[in-house]
2 protein chains.
Amino acid sequence: MLKSADRPRIHQLKKKIDDFRKKCRSAGLKVTEQRLAVYKALIETAEHPSADAVFKKVKQIFPGISLDTINRALRTLNKINAAFVVEGSGDAKRFDGNLQPHQHFKCVKCKRIVDFYHRPFDNVKVPVSIAGKFEVRRKTVYLEGTCNSCRHKH
Amino acid sequence: MLKSADRPRIHQLKKKIDDFRKKCRSAGLKVTEQRLAVYKALIETAEHPSADAVFKKVKQIFPGISLDTINRALRTLNKINAAFVVEGSGDAKRFDGNLQPHQHFKCVKCKRIVDFYHRPFDNVKVPVSIAGKFEVRRKTVYLEGTCNSCRHKH
DNA sequence: CTCTGTGCAAACACTTTGCAGCTAA
DNA sequence: TTAGCTGCAAAGTGTTTGCACAGAG
């Protein structure tokens with residue numbers, strides 16, 4: 001049964017899927033059923049799933065799919081900006097001994113993490129909606145992109 | 001040779017190392033040479049090194065040390081709040097299909113990542129010191145801590 | 001002296017790659 | 001038809017664990 005409240009949401013999903021097809025085409029990529037299934041799995045949840053979680057979900061509809069396909073599809077989505085990897089997860093763990101308030105910029109190409117200091121960011125207030133439900137121990141503004149030396153290569 | 005400009009920095013390092021000894025003791029941990037070497041390696045650099053990078057550095061002073069010791073020491077530093085893991089790196093990659101501006105809170109215990117929306121954070125201005133050197137493609141406020149349901153366990 | 005930390009090796013978890021056959025456009 | 005995609009298997013990378021001995025407190 002379809003609640004009338006669901007209709008705008010469903011319309012939104014349709015639009016996203018349409019946009020996705022366009023993004024694929026303009027990148028010269030094929031819209032395979034698998035790829036689409038991975039994309040749907042991703043936009044239907046707010047859980048920031050791992051590749052394995054997506055795998056489990058997609059397998060319900062597509063029992064033959066392999067984890068590699070999921071991984072490849074997710075990498076592709078990331079490349080065409082249809083999804084992104086949450087705050088630099090993956091790769092090797094990186095450590096920081098600087099306990100003073102400071103922020104990070106990360107170059108997605110050379111993986112370099114640069115500290116920067118910007119007084120206003122030190123004082124970001126945790127919104128009440130969070131402060132009530134969680135005990136916040138660390139807060140930081142995280143920027144991601146490409147550093148000049150990587151951008152000027154090639 | 002010691003430049004006079006280095007002296008305050010060196011004093012700072014000494015103080016940090018002292019604090020570190022205290023933190024260890026109050027956590028019932030031993031201050032081994034290896035542990036100390038790992039800690040020093042970490043606070044002497046602004047490079048946010050991986051375990052392997054720390055390994056290479058410490059090995060110059062301590063040729064016999066093993067990578068496991070580095071990994072264990074880093075985990076320990078993290079636990080006693082002498083260092084932290086940069087923006088949730090490590091674990092499995094996590095993906096997000098929500099391209100609207102939004103922020104993340106991550107529970108360090110259950111690894112859940114919660115979206116939150118807070119208008120002022122959508123408009124954080126990239127400081128000029130960064131904007132000149134880097135092409136910023138994503139910016140987000142990242143909060144980390146413990147969620148209530150994890151905190152109330154035990 | 002005791003209890004934690006270390007080094008080694010093996011196990012583990014996750015991601016990437018090479019290749020042959022398949023499929024969307 | 002043909003470039004690009006999938007599934008499988010294997011290899012690669014990074015992290016964790018079990019155990020016996022060594023060393024800090």
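Convention: sequence-line order gives letters A, B, ...; per-chain numbering from 1.
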**Report entry** Residues within residues 57-72 of chain B bordering DNA chain C, heavy-atom distance below 4.0 Å
**Finding:**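 Going residue by residue through residues 57-72 of chain B, the ones with a heavy atom under 4.0 Å of DNA chain C turn out to be B:Gly64, B:Ile65, B:Ser66, B:Asp68, B:Thr69, B:Arg72.
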Query raised in the report: Where along residues 35-48 of chain A does a heavy atom fall under 4.0 Å from DNA chain C?
Result: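 Close to the strand, none.
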Report task. On DNA chain C, reading 5' to 3', which nucleotide is the first and which the last to sit with an atom under 4.0 Å from a heavy atom of chain B, could you check? Result ->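 Extent of the interface on DNA chain C: C:dC3 to C:dT16.
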Query raised in the report: Considering residues at least two apart in sequence or located in another chain, which fulfil the ring-ring contact (aromatic ring centres under 6.0 Å, His included) criterion with A:Phe116?
Result: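 A:Phe116 satisfies ring-ring contact (aromatic ring centres under 6.0 Å, His included) with no other residue.
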Just wondering, do [Y] and [X] contact through their side chains at under 4.5 Å, heavy atoms?
X	Y	result
B:Val114	B:Cys147	no
B:Lys14	B:Ile17	no
A:Pro49	A:Lys57	no

**Report entry** Residue-level proximity of residues 19-34 of chain B to DNA chain D when a heavy atom falls under 4.0 Å
**Finding:**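 Listed by number, they are B:Lys30, B:Val31.
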Query raised in the report: Salt bridge between B:Arg72 and B:Asp68, side-chain N to carboxylate O under 4.0 Å?
Result: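 So B:Arg72 does not pair with B:Asp68 through a salt bridge.
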Let me have the donor-acceptor pairs involving side chains of residues 34-46 of chain A, under 3.5 Å, with sequence neighbours excluded, atom names and distances please.
unit_1, atom_1, unit_2, atom_2, d
A:Arg35, NE, A:Lys30, O, 3.3
A:Arg35, NH2, A:Lys30, O, 3.1
A:Thr45, OG1, A:Glu47, N, 3.0

Query raised in the report: Between A:Asp96 and A:Asn98, which heavy-atom pair has the shortest distance, and what is it?
Result: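 Heavy atoms only, the tightest pair is OD1-N, 2.8 Å.
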**Report entry** Linked hydrophobic residues, A:Leu99 as query - side chain contacts closer than 4.5 Å
**Finding:**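 Listed partners: B:Phe84.
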**Report entry** side chain to side chain donor-acceptor pair (under 3.5 Å) against A:Lys56, all qualifying residues, sequence neighbours excluded
**Finding:**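 A:Asp52.
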Report task. Please report the C-alpha distance between B:Thr140 and A:Leu143 in whole Å, then the side-chain angles of each, then the deciding distance to 0.1 Å, and finally whether the side chain to side chain contact (heavy atoms under 4.5 Å, CB included) criterion is met. Result -> CA-CA 6 Å; B:Thr140 179; A:Leu143 306 180; over 6 Å; no
Query - For atom CG of B:Leu74 and atom C1' of D:dG14, their distance in whole Å - result: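 Those two atoms, CG and C1', are 13 Å apart.
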Query - side chain to side chain contact (heavy atoms under 4.5 Å, CB included) between A:Phe95 and B:Val85, worked out - result: CA-CA 5 Å; A:Phe95 300 88; B:Val85 180; 3.8 Å; yes
Query raised in the report: According to the ring pair (Phe, Tyr, Trp, His ring centres under 6.0 Å) rule, which pairs have a member within residues 45-64 of chain B, sequence neighbours left out?
Result: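 Of all non-adjacent pairs touching residues 45-64 of chain B, those that pass ring pair (Phe, Tyr, Trp, His ring centres under 6.0 Å) are A:His104-B:His48.
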Query raised in the report: Does B:Arg75 put a side-chain nitrogen or oxygen below 4.0 Å from OP1 or OP2 of D:dT17?
Result: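 The answer is yes; a side-chain N or O of B:Arg75 sits under 4.0 Å from OP1 or OP2.
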Requested in this report: Rounded to 10°, tell me the angle between the two end axes of the helix from C:dC1-D:dG25 to C:dA25-D:dT1, each built from five pairs.
Outcome: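 Taking the rotation axis at each end, their angle is 50°.
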Query raised in the report: Have B:Asp122 and B:His102 got a donor and an acceptor in their side chains that come within less than 3.5 Å?
Result: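 Absent: no donor and acceptor within the cut-off.
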Query raised in the report: Which part of the nucleic acid, if any, lies within contact of A:Ala73, taking any heavy atom under 4.0 Å across all strands shown: a base, the sugar-phosphate backbone alone, or nothing?
Result: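 Touches nothing.
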What side-chain donor-acceptor pairs closer than 3.5 Å can you find for residues 125-139 of chain A, not counting sequence neighbours?
unit_1, atom_1, unit_2, atom_2, d
A:Glu135, OE1, B:Arg151, NE, 3.0
A:Arg137, NH2, B:Asn81, OD1, 2.9
A:Lys139, NZ, A:Val124, O, 2.7

Requested in this report: Check side chain to side chain contact (heavy atoms under 4.5 Å, CB included) between B:Lys111 and all other residues, then give those that pass, not counting sequence neighbours.
Outcome: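 In terms of side chain to side chain contact (heavy atoms under 4.5 Å, CB included), with neighbours along the sequence ignored, B:Lys111 is linked to B:Asp91, B:Arg94, B:Lys106.
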